[in-house]
Amino acid sequence: HNLKCIEFEENSELNALTDYCLSDTSIVSISIPANVTRIDNNAFGRSNSTLKTIELDENSKLRTFDKEMFLYRDIKLIIPNKLRRLISFD
């Protein structure tokens, strides 16, 4: 419950943030590694109200976000300009 910061190695092989993997944490912001292709709707859990910023790597392979991930939250999503046309919100 006291987890506030996660740092990934530059060449992280992490490819997904699965349901509830970061729920019940106190994370304030997270930078998603480039190899992540999927973030499940409940990856951050509904109880995580401290999350304020999600930042994508400029070489991100992520192409879809589930809009429900942002319901009832005030989260800033930082998307590099070169990715803006490639990402869709389902």
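If you read the sequence from its start, that first residue is 1, and numbering goes on from there.
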Side-chain contact, heavy-atom cut-off 4.5 Å: Val36 with Leu56? no
For a quick test of reading the model, state the closest non-hydrogen atom pair linking Thr18 to Arg38 and the distance between them. CG2-NH2, 3.4 Å
Side chain to side chain donor-acceptor pair (under 3.5 Å) involving Asn15 - partner list, sequence neighbours excluded: none
Lys52: which residues meet the side chain to side chain donor-acceptor pair (under 3.5 Å) condition with it, sequence neighbours left out? none
Nearest-0.5 Å distance, CD1 of residue Ile30 to OG1 of residue Thr25: 8.0 Å
Within this structure, what is the CD-CD distance for the pair Glu10 and Glu7, rounded to the nearest 0.5 Å? 12.5 Å
With sequence neighbours left out, write down each residue that passes side chain to side chain donor-acceptor pair (under 3.5 Å) with Asp57, or none if nothing qualifies. none
Using the side-chain contact (heavy atoms from CB on, under 4.5 Å) criterion, which residues pair with Ser12? Sequence neighbours excluded. Phe8, Leu14, Pro33
Residues which pass side-chain contact (heavy atoms from CB on, under 4.5 Å) with Ser29, listed by chain and number, not counting sequence neighbours: Thr53
Any side-chain heavy-atom pair from Ile54 and Leu77 closer than 4.5 angstrom? yes
Please tell me if the side chains of Phe44 and Ile75 come closer than 4.5 Å, counting only heavy atoms from C-beta onward. no
Taking every non-hydrogen atom, the tightest pair across Ser26 and Thr50: C-OG1, 3.2 Å
With rounding to the nearest 0.5 Å, note down the distance linking CG in Leu51 to OG in Ser23. 12.0 Å
Establish whether Ile78 and Val28 are linked, either directly or via other cluster members, by ILVMFWY side-chain heavy-atom contacts under 4.5 Å. no
Inter-residue atom distance Leu62.CG - Leu17.CG, 0.5 Å rounding: 9.0 Å
